[in-house]
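To start, the structure under review is shown below, and the notes come after it.
Everything numeric in this text was worked out from a predicted model, so none of it was measured.
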Amino acid sequence: MRSETAMSPHPQPELRNHTLIVTVSSTDGRPVLDRRAYESLARTFHEAADNDDVRVVVLRGLSGCFCLGGDFSEFLDATKHQKLIAAVTDMFRTLATFPKPILACVDGDAVGVGCTILFHCDMVIASAESTFRVPFVDFGLVPDAATSILAPQKLGYAGAFRFFCLGDTLRADDARALGLVAEIVSEGSVEEATLGRARQLARKPVAALLQTRGLLKGNPAELCERIDQEISLFQQALQDDTTLRRLQRIARLAA
């Protein structure tokens, strides 16, 4: 299934009944996020924020895999770091300030940035086979997407420490017990279940829904400040020879 996923074309965002369905993948159809994918996601969310026809956004992955994280080749190429960091920062700031509900449809592995992006979603709905892992510390890196704030809020400090510092892989039921996953779909299509929740939200009075979400989320300025701090530390780590050797070794093993 993974080889078929890697060959799949990147689906374009699709608007259905006030729900914008967005696929998390590279533009050439791999289950990873590269610079162009970050730029595309940021652009899509910027446009969705200003489009009154969009009331809810659903993030989904490719068949059998939500997202395996960032593109390692860009981490290892110093000439790409400046544009990559700018694209990542813009995307996460856009997510942190996005005014409308975001639901995630997870079917399969969510790794690295493919997992941290979920912390910006209002609901994560997953298949029973899904797994979640954030191996940043193992790579010699720090987490991104303001998850150093969002993870303790959502998982509690002990849960966040276990998840990020030990790098444990969470099964769907573990992730639900910690609070990362809202619902597990054991039978039927997880995408249909997620779209069903999106339809429920899209039928709500718009102003009341957005105002209530905004009150629950709080001030995004702190998140944006932490995103900048995390990205700065991430960028410093990519300039460390020991970290680069570790990433090169991991990339060879994954090839």
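- Between Asp228 and Ile231 the shortest side-chain heavy-atom distance does not fall below 4.5 Å.
- Identified under the side-chain hydrogen bond (donor to acceptor under 3.5 Å, both in side chains) test for residues 159-170, with sequence neighbours left out: Arg162-Asp168.
- At a threshold of 4.5 Å between non-hydrogen side-chain atoms, the residues Lys100 and Val54 count as touching.
- Applying the ring pair (Phe, Tyr, Trp, His ring centres under 6.0 Å) criterion to Phe234, with sequence neighbours excluded, gives Phe75.
- Of the inter-residue distances, the one linking Leu76 atom CG with Thr243 atom OG1 reads 11.0 Å to the nearest 0.5 angstrom.
- Annotation for Tyr157: hydrophobic cluster partners, listed by chain and number, are Phe161 (ILVMFWY side-chain heavy atoms under 4.5 Å, direct or chained).
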side-chain hydrogen bond (donor to acceptor under 3.5 Å, both in side chains) assessment of Asp34 paired with Ser26: CA-CA 6 Å; Asp34 55 15; Ser26 66; 4.7 Å; no
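- With sequence neighbours excluded, no residue satisfies ring pair (Phe, Tyr, Trp, His ring centres under 6.0 Å) with Tyr38.
- A 4.5 Å side-chain heavy-atom check between Ile117 and Cys67 finds every atom pair outside the cut-off.
- Sequence neighbours left out, the pairs with a member in residues 130-140 that pass side-chain hydrogen bond (donor to acceptor under 3.5 Å, both in side chains) are Asp109-Thr131, Ser127-Ser130, Arg133-Asp138.
- For the pair Ser148/Gln229, no side-chain contact is recorded, criterion being any heavy-atom separation below 4.5 Å from C-beta on.
- Grouping Ile, Leu, Val, Met, Phe, Trp and Tyr residues whose side-chain heavy atoms lie under 4.5 Å apart, directly or via other members, places Val190 in a hydrophobic cluster with Ile21, Val56, Val58, Leu103, Met123, Ile125, Val185, Leu195, Leu201, Leu209.
- In this structure, the separation between CD1 on Ile250 and CZ on Phe139 is 4.5 Å, given to the nearest 0.5 Å.
- Every residue two or more places apart in sequence or in another chain that forms a salt bridge (charged side-chain N to carboxylate O under 4.0 Å, His left out) with Asp174 is listed here: Arg171.
- Listed by chain and number, the residues in a salt bridge (charged side-chain N to carboxylate O under 4.0 Å, His left out) with Arg197 are Glu183 (sequence neighbours excluded).
- Hydrophobic side-chain contacts under 4.5 Å tie Val206 into a cluster, directly or through other members, with Leu210.
- Residue pairs meeting the ring-ring contact (aromatic ring centres under 6.0 Å, His included) criterion with at least one member in residues 76-114, sequence neighbours excluded: Phe45-Phe98.
- Counting only residues at least two apart or on different chains, the salt bridge (charged side-chain N to carboxylate O under 4.0 Å, His left out) pairs with a member in residues 208-219 are Asp122-Arg213.
- Proximity of Phe66 to Val24: side-chain heavy atoms (C-beta onward) are separated by under 4.5 Å at one or more points.
- Taking CE from Met91 and OG1 from Thr94, the interatomic distance works out to 8.5 Å, rounded to the nearest 0.5 Å.
- Using a 4.5 Å heavy-atom threshold, the side chains of Lys80 and Arg35 count as separate.
- Partners of Asp173 according to the side chain to side chain donor-acceptor pair (under 3.5 Å) rule, which considers only residues two or more places apart in sequence or in another chain, do not exist here.
- Taken to the nearest 0.5 Å, the NE2 atom of His46 stands 11.0 Å off from the CG atom of Leu41.
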